[in-house]
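What follows is one structure encoded as structure tokens, with my remarks underneath.
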Amino acid sequence: MMKNKNIQYRSDLSEWVIHFVHNRKPEDNFDDLQEIAELEGYDDDVRLPDYYDAEGKGHNVLSGYDEKYYDIASDAPAFEVLLKILHDGFIHSSWSVRNMAPAIYGPKTAVCFTEMPLYALIQYAKFRGAYSGYVGNYGIAFKRNELFAAGGRPVIYGLSGAHIEAEKTPKGIYQGRILDVEKTGISIHEQYRYVATKLQKRYAYVEYPIDWTHEREWRWALPDGDFGVPGIPFFLSKNYADFFSEIIVIVGTDEEQIETIMHLKNLYDAGSTGLGHEYDVNKIAATRVVSLETIAKMQNIDMQHIRIEDLPTRQMAVMPTFKVASELEEKVKNAVVAAGKVSIDAVAEFLKQNPDFDEQKGFWGWAYVCTNDQTETTQALQNSGLSHTYADGIYRLSIKEYRTSNLDLLTIGAEAAAAFLERELGQQFYVTTKLD
């Protein structure tokens with residue numbers, strides 16, 4: 001692809017756009033309204049809709065349960081938010097609520113990006129992040145031309161005339177916070193791009209100018225529910241969308257870089273989210289992760305002018321791959337078979353020692369032998385189909401069990417198997433349980 005020469009020779013321009021990730025703020029989070037409604041016995045969905053249709057009806061693409069599947073705290077730090085986004089495989093569109101009011105106009109939520117070069121974003125994060133928390137050293141970068149092809153557009157800063165809002169559309173339909181179409185001249189379908197702008201303090205009631213032009217913002221509006229997710233897909237399979245060929249994840253520290261690439265490896269191994277949304281594993285494998293801590297240590301790099309396209313590829317990390325020797329794979333298979341016998345024998349011995357135990361009483365469920373370690377041994381388990389993961393960082397093993405549904409007995413067997421595997425394979429194994 002031919003490079004844009006205007007960008008190539010100007011340090012203030014970049015071929016990349018960045019969705020920056022910031023700390024969650026409880027005051028901007030309306031998810032808790034649904035939990036309160038459920039606690040008080042209301043069945044209605046009180047979440048803010050993802051979009052309004054032509055008749056003014058609000059829609060949510062996912063159920064409240066699905067939205068909460070990978071749950072994080074309402075005040076979660078930016079890095080946790082980033083890991084959730086990577087797990088979900090899409091960037092959730094929103095109304096960008098500020099002071100209890102949507103900052104996105106029109107009937108559809110949007111995803112925000114900036115075309116500021118990397119050095120400018122780093123400097124801006126230090127300034128604005130220090131007092132507002134809305135900008136941080138975390139983000140996901142995409143090629144600007146690919147975002148444009150996906151439907152993303154630069155925002156519109158201000159209007160030729162006055163900012164005038166309306167209760168309803170010209171057809172008398174409520175579609176969220178909207179501008180008056182006839183008086184402002186901006187159509188309903190383009191209002192997601194509008195950013196209120198006042199560069200001068202012209203009125204006594206205006207305390208300060210409204211100027212966000214330095215953010216050089218782009219937005220992508222959720223078209224409807226056709227993608228199957230309420231946002232712009234980037235890790236999901238081509239059945240959802242195929243917008244981006246290159247993806248770069250930005251984190252603050254070297255430690256976070258390592259955690260991120262191991263997170264990507266887990267997503268790759270899972271093949272889909274816990275909800276069954278299929279990943280494009282090739283995109284996950286090709287995703288690069290850059291640490292700003294590493295960049296700051298680099299020699300011969302001008303941090304005052306650095307852009308994403310200036311970063312050496314060798315300074316970016318990708319998810320690890322593990323090559324498993326045939327001897328190790330055979331050892332792991334044999335150990336799992338032996339662990340199954342250990343599990344069954346442990347339960348049988350317990351019942352022998354406790355003849356009055358009634359396995360028809362108590363709780364029923366499942367007990368899993370698990371590991372969180374991502375090693376050649378875990379890769380051997382994956383290669384042999386002896387473990388699986390739900391993109392939650394946990395690898396659950398498939399081990400032959402004593403034939404029962406009694407959770408106490410299953411746990412006894414699983415704990416014996418975990419201890420055996422830990423001795424045999426030299427890594428940590430533990431037990432998790434789930435009620436039926």
Side-chain angles (χ1 to χ4, degrees), residues 27-38 40-64 66-67 90-113 148 150-199 202-203 205-206 210-213 217-233 241:
E27 60 267 29
D28 297 335
N29 183 14
F30 280 75
D31 293 344
D32 293 340
L33 293 176
Q34 183 66 30
E35 294 182 7
I36 293 170
E38 291 171 358
E40 294 182 353
Y42 294 100
D43 295 328
D44 293 340
D45 193 338
V46 299
R47 293 176 294 156
L48 293 178
D50 295 317
Y51 67 95
Y52 294 94
D53 63 24
E55 283 71 45
K57 181 180 178 181
H59 296 270
N60 290 99
V61 179
L62 298 178
S63 70
D66 289 352
E67 288 276 17
F90 66 94
I91 303 174
H92 206 304
S93 58
S94 75
W95 300 107
S96 293
V97 174
R98 301 291 185 268
N99 299 318
M100 303 299 287
I104 303 295
Y105 292 81
K108 298 176 179 180
T109 53
V111 180
C112 302
F113 303 84
F148 187 90
R153 293 293 183 269
V155 301
I156 300 169
Y157 288 111
L159 300 167
S160 299
H163 172 110
I164 303 174
E165 297 187 24
E167 293 286 336
K168 297 180 179 180
T169 70
K171 294 183 179 181
I173 299 172
Y174 175 82
Q175 288 189 300
R177 187 181 186 185
I178 61 172
L179 299 172
D180 188 301
V181 174
E182 296 177 349
K183 295 179 180 178
T184 62
I186 181 169
S187 73
I188 288 292
H189 298 296
E190 296 292 337
Q191 289 190 12
Y192 75 95
R193 298 170 61 190
Y194 170 70
V195 178
T197 305
K198 292 181 183 295
L199 298 184
R202 299 180 60 185
Y203 306 101
Y205 60 84
V206 178
I210 303 174
D211 183 6
W212 299 105
T213 57
E217 187 177 350
W218 284 54
R219 288 178 181 172
W220 178 92
L222 181 71
D224 45 40
D226 288 351
F227 287 136
V229 291
I232 186 166

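Here the structure is a predicted model, which means the values were calculated and not measured.
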* What class does the angle between the rings of Tyr52 and Tyr174 fall in, given that below 30° is parallel, 30 to 60° is tilted and above 60° is perpendicular? -> perpendicular
* Could you walk me through whether Ile188 and Gln175 pass the side chain to side chain contact (heavy atoms under 4.5 Å, CB included) test, one step at a time? => CA-CA 9 Å; Ile188 288 292; Gln175 288 189 300; 3.9 Å; yes
* To do: Decide side-chain hydrogen bond (donor to acceptor under 3.5 Å, both in side chains) for His189 and Gln191; before the verdict, give the C-alpha distance in whole Å, the side-chain angles of both, and the deciding distance to 0.1 Å.
  => CA-CA 6 Å; His189 298 296; Gln191 289 190 12; over 6 Å; no
* Specify the closest pair of heavy atoms between Leu179 and Thr184, including all atoms of both residues, with the distance to one decimal. => CB-OG1, 3.9 Å
* How close do Tyr192 and Arg219 get, heavy atom to heavy atom, and via which atoms? -> O-NH1, 2.8 Å
* To do: Please report the shortest heavy-atom distance between Arg177 and Ala101, naming the atom on each side.
  => NH1-CB, 4.2 Å
* Modelled atom types, side-chain donor and acceptor of Asp50 and His59, under 3.5 Å -> no
* **Side chain proximity check, Val195 to Ile156, heavy atoms < 4.5 angstrom** => no
* Structure fact -> Heavy-atom nearest pair, Gly58 first then Pro49, reads CA-CB, 3.7 Å
* How close do Glu67 and Pro230 get, heavy atom to heavy atom, and via which atoms? -> OE2-CG, 3.9 Å
* Structure fact -> Nearest heavy-atom contact between Ser187 and Val181 is CA-CG1, 4.4 Å
* To do: Test Ser93 against every option in Ile104, Leu222, Val61 by the side-chain contact (heavy atoms from CB on, under 4.5 Å) rule and name the one that passes.
  => Leu222
